[in-house]
Every structure is written in structure tokens, then in C-alpha cells.
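A note on names: the letters A, B, ... follow the listed sequences, proteins ahead of strands, and every chain is numbered from 1.
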Amino acid sequence: MSTPGTTTPDAALRRVIYVSHAVADPAQPMEAVIGSILDAARRNNARTGVTGALLYSQRRFAQVLEGPPAAVERIFETIQCDLRHDHVTVLEVSSPATRAFGDWSMAFAGDIKAAPGDIHPAAPSERVLAILQQAIRNTEAATA
Amino acid sequence: MTHAAPTAAAPSVATDDLDAPSRTDSLTGLLQRDALLDALSRRCVTGPGGGTPFALLALDLDRFKAVNDTLGHPVGDALLRAVGRRIRGAIRGGDLAGRIGGDEFAILLPQLTAEAEATALAARLVELLARPFLLDGHSVVTGCSVGIAVFPTDAQEADALLRCADLALYQAKAEGRGDQRRFQPVLRARAEERRRMEADLRAAIGLGQFELHYQPHVDLGTGALAGFEALLRWRHPQRGLVPPGEFVPLAEEIGLIVPIGEWVLRTACREAAGWPDASLGVSVNVSAPQLARRDLAAQVRAALAASGLAPHRLELEVTETALLHDASTALATCEELRALGVRISLDDFGTGYSSLTQLRSFPLDRVKIDRSFVSDVATRAESAAIVRAVAGLGASLGLRTTAEGVETAAQLDQLVANGCTDAQGFLFSRPVPAAEVLALIARSKRQDAAAQGRISA
Ligand SMILES: Cc1cc2nc3c(=O)[nH]c(=O)nc-3n(C[C@H](O)[C@H](O)[C@H](O)COP(=O)(O)O)c2cc1C
């Protein structure tokens with residue numbers, strides 16, 4: 001716990017969780033799309049101290065991003081402008097005490113074969129992972 | 001290209017020859033208003049071939065004020081900054097984007113080969129700006145509306161073209177926001193018509209163009225005339241008699257409903273005071289904005305004093321929306337009015353969502369059952385049941401119940417059978433000009449006398 005006024009950049013954590021719909025592009029198989037997203041994530045996130053997890057299932061994304069607030073907001077904004085997905089709905093914006101996915105620049109799990117780095121749920125991440133999975137299940141029915 | 005839209009390294013907006021950095025808006029990085037308007041004017045040149053076509057988009061955030069009001073100006077500014085970034089990311093090289101007001105933007109598409117390009121950009125902007133923003137730990141969803149105008153088809157001058165784009169933008173907003181509209185000449189005609197109507201309406205009190213018509217209501221217990229409802233009409237020199245539905249919404253929008261309401265109050269009191277029968281009441285509609293003002297009771301007192309009308313002869317008709325909009329002010333006002341000796345009735349009952357029990361805390365004297373229930377009271381059991389329930393509850397709360405819009409004898413029979421105490425409608429009389437009220441009163445007196453004669457005979 002940090003005392004007010006003495007927060008160091010490292011002490012302040014921001015977490016955002018959202019779901020979105022993948023936009024289909026016949027020219028781009030989903031494997032390739034996800035591969036390129038994960039490449040970008042692993043390239044960019046580590047540099048700014050952002051970690052997280054991405055879930056893909058039934059043409060839905062669910063993602064959690066964690067890190068210093070400014071860095072999370074910057075990466076979130078970049079992702080918002082990405083036309084490979086739409087219908088973005090934010091489910092949670094919070095300031096957790098610790099990270100749920102501290103070990104991965106961007107862990108991935110999905111019903112699709114993608115790059116290595118598949119999630120091996122560790123204890124702290126289970127709750128967030130459950131939120132992501134539940135979120136995808138909840139939105140599946142919405143727009144089939 | 002369906003790949004990621006460029007963001008941080010977006011094409012600069014400063015692609016125009018004269019756009020020095022000093023002419024960009026420091027918050028959004030887009031062109032300042034003047035710079036954009038200059039660029040616009042420079043392109044508004046019509047030659048023998050009519051000039052090079054280009055498109056102008058006017059864009060306005062749908063919920064900016066709410067963000068500013070609830071999350072504060074720093075977050076509002078952060079939103080504008082992020083919107084600027086998304087706009088820069090969405091436009092093509094050569095397009096010019098500027099911030100022309102608080103949360104208003106304009107985008108110039110100089111190289112327009114087909115109108116569809118403007119529509120496509122508008123669609124992209126609507127989509128991108130509807131996505132969430134993460135600002136200072138808040139997820140903010142704002143959305144935008146876009147209006148499109150094309151040079152030289154829609155207008156040949158910069159100002160006029162911007163007005164066209166704005167009119168299309170208003171249309172997009174009026175039709176539900178979060179979408180785009182292309183300018184159409186009918187929008188200009190409609191705006192012009194509205195402007196004329198507004199000017200005429202502002203002058204109408206001064207020019208003495210308003211008048212009151214009166215519709216009688218009848219006590220179903222005795223069959224006798226009980227009073228009149230005063231109804232506002234506008235006698236326009238060209239349009240003729242304009243019904244309230246065509247000018248009251250506009251009057252509300254431009255803040256004229258309060259002075260017009262005061263005129264109605266004073267006029268109704270004065271005219272009623274001149275009726276030969278001092279037992280006849282007059283009811284006057286009071287709008288929500290009037291009821292929300294603290295000085296309504298003072299206005300009523302002044303109108304009574306000026307006319308000499310006995311307070312118990314005046315009845316004010318209010319709607320449940322007006323009562324519940326700011327319930328505590330409305331309650332205080334109603335109690336003041338009651339203390340003056342004035343009566344209060346609840347108008348159009350049944351059209352809102354509240355129940356009589358909910359409205360019981362207000363000091364009411366009467367409920368008026370909306371015409372929609374009356375019209376099929378004789379043909380639908382459900383409507384008859386609603387009328388019966390309202391009349392029954394009204395009676396137990398000590399209220400009279402008036403049925404509005406009674407047109408047939410069959411309806412009247414049902415209304416009597418289901419417990420209504422009063423009725424009003426074409427079956428008795430249409431609303432008549434003030435000058436015909438005296439004749440109506442005289443006629444009803446003769447009928448009463450005849451009825452009395454029959455009874456005593
Ligand atoms: C669902 C989804 C999740 C993404 N997650 C990330 C991410 O965590 N980090 C990241 O840098 N880019 C992410 N991207 C990709 C970005 O939108 C963008 O394409 C990328 O950051 C560009 O990186 P570059 O400039 O290094 O090429 C994601 C895209 C999608 C559609």
C-alpha cells in the first residue's frame with residue numbers, strides 16, 4: 001500500500017478488462033492476425049511495463065492489460081484504433097494492489113493455435129482469467 | 001486496408017501550404033477554426049466548369065457535456081486530445097481537420113473523386129469515436145454525429161457550405177445521434193421556416209395574435225354546465241388559426257412558454273370574470289416550466305386581483321410529468337395555490353406511468369381521464385375497467401373525475417355507469433371563441449329551465 005502523495009510510478013497499477021468482436025478479413029487467417037497482435041504486444045508491452053492476457057474464442061476477444069496507468073491508457077488507445085476488432089466493451093477499470101498476469105507481456109489462450117506463451121493459470125490470475133472466459137461466454141449470445 | 005489504423009504516427013493535418021504550426025489547436029493538434037475556414041474559403045472558387053468538388057464534414061461529440069460535467073474539465077480536455085488523435089488517424093493525407101468549437105470539428109476532403117469517399121470517412125469516424133476511451137482511470141464512451149456537405153452542389157461559399165454541413169449534423173443529432181447525414185435542400189427550407197415561425201411567435205403576444213377558445217364541461221350528476229376549459233389558439237395573419245400542437249413545442253424550446261402561459265392566465269381570469277353566471281369555473285393549463293418556477297402563485301394572485309375573479313372559480317390543470325419533474329418545487333407551488341383558494345386538476349391522466357396513489361401527496365381536486373381511454377370506453381372492456389378504477393380511486397380520495405374527449409352518447413352512458421362525475425367533449429360542444437361563450441351559457445340555462453320544467457310538471 002502506498003501512502004497518498006508518495007506514490008512512485010511503480011506503485012500505481014492500472015488494470016483494464018474489455019471484450020470485443022474480431023472483424024473477419026478473408027485475406028487474413030485468424031492465426032496470422034493473432035500472431036501479429038501477440039508479436040506487437042510482446043514487442044511493445046514489455047518496454048512500458050505493461051503485462052496481461054488475451055483470450056480468443058468464437059470470434060470474440062477478451063483482454064486484460066495491467067501496468068502503470070499512463071502506459072496502459074496509451075496501449076489501450078492504440079488497440080482502440082485497431083480495425084481488426086470492433087464492438088469494444090470495457091468491463092473493468094481498476095487499481096489493483098498486485099498484477100494478476102505479471103509474468104507475461106501478453107499471455108494467450110484460445111480455441112486457435114497461436115504462438116507459444118499459452119496461459120498456464122497461476123493462482124493470482126485465475127480470477128481474472130475466469131472473468132475473461134465468462135465475458136466471452138456472456139457476449140457470445142449477444143451477436144451470433 | 002483493414003489493418004490497424006495509424007495512430008501515433010498519423011498523417012499530419014498540416015499538409016496545407018499555409019498551415020504554420022501556430023495555426024494548430026494546442027489541445028487537439030488539429031487546425032484552429034480560422035485556419036480551417038481560410039483553407040475552406042481558398043477552395044471555394046467557382047470556375048467555368050463549376051469548380052473542383054470537395055466535401056466538408058461537420059462533426060460533434062454526442063456526450064461531451066456530460067463527460068465534462070461529471071468527470072471534470074481535465075478529463076474533458078483529455079477526451080478532446082484523444083478525439084483529435086483518432087481523427088488524425090482516420091483521415092487520409094491531404095484531408096484537413098480542425099477544431100471549430102468546444103467539441104465541434106470540421107474536416108475538409110479536398111480531393112474528392114466520389115461522394116462515397118466522404119460517406120466512408122464519416123462512417124469510419126462515427127465507428128472509431130464510438131469506441132471507449134480510457135482517461136484518467138475512467139472508461140468514457142462518447143460517440144459522435146456527422147453532417148456532410150459537398151461543394152459546389154450544396155453551396156458555393158465557405159460560410160454557406162459550413163452551414164449546410166451543420167444543418168446535416170443537426171439532422172443526424174435529431175434523428176438519434178451516432179450517425180451521419182448528407183445535407184439536403186429541404187433541411188435549409190425547414191430551418192428557414194422554423195426561424196420565421198420563431199420570429200413570428202416572439203412577436204405574437206405583442207401583436208395580440210393569441211386568443212382563448214373555451215370548451216364547456218358538464219356535471220354529470222345534474223346535467224348542468226359546470227365551467228369551461230380555456231384553450232390557447234394563435235391567429236396568424238397568413239397561416240390562419242394555428243393549433244397549439246404546432247407552436248407550443250417551439251414555444252417551450254425557445255423559452256416563450258412562461259410568458260405565454262402568464263398571458264393565458266390573465267386573459268382567462270379576465271374573460272371568466274365577465275360571464276353572467278358566477279358559479280361557472282374556468283380551467284387553465286399550466287406547463288411544466290411554469291410550475292417549476294417559484295413565482296407561479298404570485299402570478300395567479302395578481303391575475304385574480306386584476307380580474308376580480310373569485311379564486312374558487314379558477315382551476316389549474318397540470319400534467320403528471322410537470323408534477324413529478326421537480327416534485328418538491330411542484331408540491332410547494334401547489335400548496336401555495338391551494339392556500340389561495342384555487343383548485344388543481346390532473347390533466348391527461350393515464351398517459352404517464354404514475355399511479356394515482358403515487359400522486360396522492362399533491363393537493364388535487366380533480367383528475368381528467370385522457371381521451372385515449374374515453375374514445376373506446378364503449379367498445380373495449382379494458383378501457384371501461386380503467387375508467388372505473390380511476391373514478392373509484394378518485395372518489396375515495398375525494399376527487400372529481402372528468403372524462404375528456406367525449407363524442408358519442410354511448411361513451412357518455414359508459415362513463416356515467418363507471419362513475420365519472422364530469423365530462424367534456426364534442427358531444428356537448430367544440431371549443432368556441434370567447435365571443436360565443438355567452439350564447440352557450442344562455443342556451444344551457446334555457447335547457448336547464450326546460451329540464452326543471454319537465455321535472456316539476
Ligand atoms: C484484440 C487486440 C489486442 C491487442 N493487444 C495489443 C497489446 O497488448 N499491445 C500492443 O502493443 N498491441 C496490441 N494490439 C495491436 C495494436 O492494435 C497495434 O496494431 C500495435 O500496437 C501496433 O504495434 P507496432 O506499432 O509496434 O506495429 C492488439 C490488437 C488487438 C486487435
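- Contact record, B:Phe133 with A:Phe76: C-CE2, 4.2 Å, taken as the closest heavy-atom pair.
- Looking at A:Val88, the atoms closer than 4.5 Å to chain B (heavy atoms on both sides) sit in the backbone and in the side chain alike.
- With values rounded to the nearest 0.5 angstrom, A:Gln80 atom CD is found 11.5 Å from B:Leu129 atom CG.
- The number of heavy-atom neighbours closer than 6.0 Å to CG of B:Asp159, taken from other residues, nucleotides and ligands shown, is 12 or below.
- Counting non-hydrogen atoms of other residues, nucleotides and ligands closer than 6.0 Å to CD of A:Gln134 gives a total above 12.
- Between B:Arg131 and A:His85 the shortest heavy-atom distance is NH2-O, 2.7 Å.
- Of all heavy-atom pairs between B:Arg86 and A:Cys81, the closest is CG-SG, 3.7 Å.
- Interface summary for chain A: among B:Val141, B:Leu134, B:Leu135, the most heavy-atom pairs under 4.5 angstrom belong to B:Leu134.
- Among all heavy-atom pairs drawn from B:Ser139 and A:Val93, the shortest one is CB-CG2, 3.9 Å.
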